Amino acid sequence: MCNQKKMSALALEIDLHKNSARQGPGSPEDTLKALELIGISKKKGLKLADIGCGSGGQTITLAQNIDGHITAVDLVSDFLEELNEKSKLFKVDEKIKTLEESMNHLPFKKESFDIIWSEGAIYNIGFETGIKKWREYLKPGGYLSVSEITWITNTRPKEIEDYWRVECPEISTASNNIKILEDNGYALRGYFCLKEDSWITNYYEHIEARFSSFLQRHKHSESSREIVKAYKAEIELYRRFKEYFSYGFYIAKRDK
Ligand SMILES: C[S@@+](CC[C@H](N)C(=O)[O-])C[C@H]1O[C@@H](n2cnc3c(N)ncnc32)[C@H](O)[C@@H]1O
């Protein structure tokens, strides 16, 4: 309960993640590494869509490193407001337009973007569905750059397999995801997986530091305790099983 009203689990999740640099694993170094793998990143007047941008950790890095314009899309207005404030602070507001919309119903014209970017968000639509749908918004020869939870070994302990099969049923190996890209009109230009710091230092440690104030704000309601418990379990599993999974960053070119 919060202010006498029951907050939905989604509203609580948003509250836990508000005012943080990012809402998922990643880092400016990862964003720049992916950008470097895109051969056209030095071109002038690029048009880029950042889908599931959250509060824009990667959007700001992109705006600081491309000559062009970014349409940053997310479902959550609170995150977009933060991104708008940050883009003014970093003086890149003329390069970024935020759009509150679902990645399932993007209002984009066909072949309108040079680059489609999405860090840690494509799972909301599904990797295969997302790369298929978003391809039509890319200009021929345009680039897709997405990070997605990925198995980094071919076998793994049942405990972690069972966990991710429930949380993210589409989780797969890089070789399988690359095949999905190749089967759907993309040519792979690069792949790397995120290092431990991108999970622990840049993401989990920030969430852990918020647990106490979050619980206090919500008067230790059952729903808020459940959310903290679920994150603690996820973080513990990452620490125990990080040899078996990470976020894979896939950089691919629309092939025609
Ligand atoms: C794990 S966060 C990643 C955010 C950001 N890219 C980052 O790495 O910090 C996933 C983001 O996807 C957004 N999201 C979830 N479902 C969505 C949908 N259907 N359409 C657009 N955004 C969505 C969430 O609000 C959240 O900001």
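As the structure lists them, so they are numbered: ligands from 1, and atoms in each ligand from 1. As the structure is a prediction and not an experimental result, all values here were calculated from the model.
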task = Please write down residue, atom name and distance for the protein heavy atom closest to atom 25 (O) of ligand 1.
result = D74 OD1, 2.6 Å

request  = Would you check if there is a donor-acceptor pair between the side chains of T31 and E119 at a distance under 3.5 Å?
outcome  = yes

inquiry  = Just by distance, no angles: are the side chains of D50 and Q58 close enough, under 3.5 Å, to form a donor-acceptor pair?
reply    = yes

message = So, taking the atom named CG in L16 and the one named NE2 in H206, what distance separates them when rounded to the nearest 0.5 Å?
response = 13.0 Å

note = Note: N124, heavy atoms under 4.0 Å from ligand 1, region reported as side chain

message = Give the atom numbers and elements of ligand 1 that come within less than 4.0 Å of a heavy atom of E101.
response = 20 (N), 21 (C)

request  = May I ask you to list the atoms of ligand 1 that are less than 4.0 angstrom from any heavy atom of L75?
outcome  = 16 (N), 17 (C), 18 (C), 19 (N), 20 (N), 21 (C), 22 (N)

ask   = By number and element, which atoms of ligand 1 are closer than 4.0 Å to a non-hydrogen atom of S102?
value = 19 (N), 20 (N)

message = I need the contact type for N104 against ligand 1. Using non-hydrogen atoms and a strict under-4.0 Å cut-off, is it side chain, backbone, both or neither?
response = side chain

inquiry  = Show me which atoms of ligand 1 lie under 4.0 Å from any heavy atom of G120.
reply    = 1 (C), 2 (S), 3 (C), 10 (C)

inquiry  = Out of all atoms in ligand 1, which are within 4.0 Å of some heavy atom of G24? Include the element for each.
reply    = 9 (O)

key: Nearest neighbour in protein (non-hydrogen) for atom 3 (C) of ligand 1   = E119 O, 3.5 Å

inquiry  = Only heavy atoms of A121, strictly under 4.0 Å: list the atoms of ligand 1 that pass.
reply    = 10 (C), 12 (O)

message = Applying the salt bridge (Lys or Arg N to Asp or Glu O under 4.0 Å) criterion to E111, which one of K139, R135, R254 satisfies it?
response = R254

request  = Mind checking whether C53 contacts ligand 1 via backbone (N, CA, C, O), side chain (CB onward), both or neither, at a 4.0 Å heavy-atom cut-off?
outcome  = backbone

request  = On the 0 to 90° scale, with breaks at 30° and 60°, tag the F245-W199 ring pair as parallel, tilted or perpendicular.
outcome  = perpendicular

query = Have Y143 and D114 got a donor and an acceptor in their side chains that come within less than 3.5 Å?
reply = no

remark   = The protein heavy atom nearest to atom 4 (C) of ligand 1 is G52 O, 3.4 Å

inquiry  = Need the ligand 1 atom indices (1-based, order shown) with element for anything under 4.0 Å from a heavy-atom of Q58.
reply    = 5 (C), 6 (N), 7 (C), 8 (O), 9 (O)

message = Please state which option from Q23, M103, R22, H105 has its nearest heavy atom closest to atom 8 (O) of ligand 1.
response = R22

ask   = For residues Y203 and S27, is any side-chain donor paired with an opposing acceptor at under 3.5 Å?
value = no

ask   = Is any side-chain heavy atom of Y123 less than 4.5 Å from a side-chain heavy atom of I171?
value = no

inquiry  = Out of all atoms in ligand 1, which are within 4.0 Å of some heavy atom of F79? Include the element for each.
reply    = 25 (O), 27 (O)

task = Flag the pair I60 / L83 as yes when at least one side-chain heavy-atom distance between them is below 4.5 Å, and no otherwise.
result = yes

Salt bridge present between D78 and K18 (N-O < 4.0 angstrom) = yes

